[in-house]
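Contents: one structure, followed by commentary.
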Number of protein chains: 2
Amino acid sequence: MSCPVTATLGVIGGKWKPIILYCLTSGTKRFGELSVRIPTISGKVLTEQLKSLEEDGLVLRKQYKEIPPRVEYSLTEMGESLSPIFNQMEVWGNKHVLLKS
Amino acid sequence: MSCPVTATLGVIGGKWKPIILYCLTSGTKRFGELSVRIPTISGKVLTEQLKSLEEDGLVLRKQYKEIPPRVEYSLTEMGESLSPIFNQMEVWGNKHVLLKS
DNA sequence: GTAACTTGTTACCTTTTAGTAACAATAAAA
DNA sequence: TTTTATTGTTACTAAAAGGTAACAAGTTAC
């Protein structure tokens, strides 16, 4: 594949990944915190997407051996490097969607 | 909805819209040209997505009354304003995906 | 001793999304 | 006169994605 945008979308594209990644740009979050911030995603799907992001090296999963379980998700360096994309989305959304209504 | 990134993704998110929009950043394209540049999308879905993008004011559809039909798609001013987002995706894709292999 | 806490997994079912094939329309080329 | 060209639409089918509910595990609080 020679198109860099297609390549990027292959990793961060889809219905849920961008929002999950964006949530993590404001710092480490537990599973439950992510669920609260993204209320429309089901637990099953959140688990699946986080696993996929971890496999792609964008998200770090840190599990504490406690009961009840505690798991923290954060961005890797590669995940952090996505921030310019989300910054631009933020700028655009403020200008073209939120200020419209 | 108060999150600008969620707002942006509501308009340009999904499996196909980003790539269609990105294709159009390099200028007006006919339906057939888009099909060639995005070979994995079926005609049905391309029609559906273009219609949705048109309804959201990102894409302009210009139909010529000729036989065989000729239809040209281009970005509106609002669609053009997305380019910083795609530029950042281009930068990221080159750096983190394409140069890896 | 029983319930609640948290982060999952799994099985099953529903919904959404997407693919395929047939059809339309008509002027120009073969 | 039959085929080709282009951009769709529609009906039907297949695949992907997502939702729900049950279950697990062990410590702490009731």
Side-chain angles (χ1 to χ4, degrees), chain A residues 1 6 9-24 26-76 79, chain B residues 1 3 6 9-24 26-56 58-76 79:
Chain A
M1 188 206 314
T6 304
L9 291 169
V11 183
I12 72 160
K15 188 172 177 182
W16 298 111
K17 285 180 182 176
I19 266 301
I20 295 172
L21 290 167
Y22 176 64
C23 273
L24 292 175
S26 55
T28 299
K29 304 263 177 311
R30 295 183 64 176
F31 184 88
E33 293 179 86
L34 288 170
S35 288
V36 170
R37 282 161 189 263
I38 315 173
T40 49
I41 197 172
S42 72
K44 188 191 98 174
V45 174
L46 182 54
T47 301
E48 286 169 356
Q49 300 295 309
L50 284 167
K51 191 177 290 182
S52 170
L53 289 169
E54 196 194 354
E55 284 167 0
D56 285 332
L58 299 174
V59 162
L60 187 74
R61 182 181 188 274
K62 188 170 184 186
Q63 179 168 17
Y64 297 84
K65 288 180 180 173
E66 301 175 359
I67 295 288
R70 180 157 65 106
V71 183
E72 286 179 352
Y73 294 93
S74 58
L75 293 181
T76 62
Chain B
M1 186 205 317
C3 167
T6 304
L9 290 169
V11 183
I12 72 160
K15 189 172 175 184
W16 298 111
K17 285 180 184 177
I19 266 302
I20 295 172
L21 290 166
Y22 176 64
C23 271
L24 291 175
S26 56
T28 299
K29 303 264 177 312
R30 296 184 63 176
F31 183 88
E33 292 179 87
L34 289 170
S35 289
V36 170
R37 281 159 191 263
I38 315 171
T40 49
I41 197 173
S42 72
K44 189 191 96 172
V45 175
L46 181 54
T47 299
E48 284 169 357
Q49 300 295 309
L50 285 168
K51 192 178 290 183
S52 169
L53 289 169
E54 195 194 354
E55 284 166 2
D56 285 332
L58 299 174
V59 162
L60 186 73
R61 181 181 189 274
K62 188 169 183 187
Q63 179 167 19
Y64 296 84
K65 289 181 180 172
E66 302 175 357
I67 297 286
R70 180 157 65 107
V71 182
E72 286 179 354
Y73 295 92
S74 58
L75 294 180
T76 62

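Letters go in sequence order (proteins before strands), and every chain restarts at 1.
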#### Entry: From Ile20(A) atom CD1 to Leu58(A) atom CG, the distance as rounded to the nearest 0.5 Å
11.0 Å

Donor-acceptor pairs under 3.5 Å, side chain of residues 35-46 of chain A to any protein atom, not counting sequence neighbours: which ones?
unit_1, atom_1, unit_2, atom_2, d
Ser35(A), OG, Phe31(A), O, 3.4
Ser42(A), OG, Val45(A), N, 3.4

### Query
What string of B, S and - do you get for nucleotides 6-16 of chain C, 5' to 3', if B is base contact, S is sugar-phosphate-only contact and - is no contact with any protein heavy atom under 4.0 Å?
BSSS-B-----

### Query
When all nucleic acid strands are considered with a 4.0 Å heavy-atom cut-off, which category describes Ser35(A): base, sugar-phosphate, or nothing?
nothing

### Task
Round to a whole Å and report the spacing from CG of Leu34(B) to P of dT6(D).
14 Å

### Query
Is there a donor-acceptor pair under 3.5 Å between the side chain of Lys29(A) and the backbone N or O of Gly27(A)?
yes

### Query
About how many Å separate CG of Leu50(A) and CG of Leu21(A), when rounded to the nearest 0.5 Å?
9.0 Å

### Query
Glu72(B) has an atom CD; how far is it from atom P of dT6(D), in whole Å?
14 Å

### Message
Tell me which pairs pass side-chain hydrogen bond (donor to acceptor under 3.5 Å, both in side chains) where either residue lies in residues 60-76 of chain B, with sequence neighbours left out.
### Response
Arg61(B)-Gln63(B), Arg61(B)-Tyr73(B), Tyr64(B)-Glu72(B), Glu66(B)-Arg70(B), Arg70(B)-Glu72(B)

### Message
Just the rounded figure in Å: distance from P of dA25(D) to NZ of Lys65(A).
### Response
17 Å

### side-chain hydrogen bond (donor to acceptor under 3.5 Å, both in side chains) partners of Glu54(B), counting only residues at least two apart
none

#### Entry: Glu66(B) CD - dA28(C) P separation (whole Å)
11 Å

### Message
OP1 or OP2 of dA18(C) versus the side-chain N and O atoms of Trp16(B): is any pair under 4.0 Å?
### Response
yes

## Note on the structure
Walking DNA chain D from its 5' end, the first of Ile67(B) and Val45(A) to be reached, judged by nearest nucleotide, is Ile67(B)

### Query
Which whole-number value in Å describes the distance from Lys17(A) NZ to dG18(D) C1'?
15 Å

### Summary
Rounded to whole Å, CD1 of Ile41(A) lies from P of dA17(D) at a distance of 13 Å

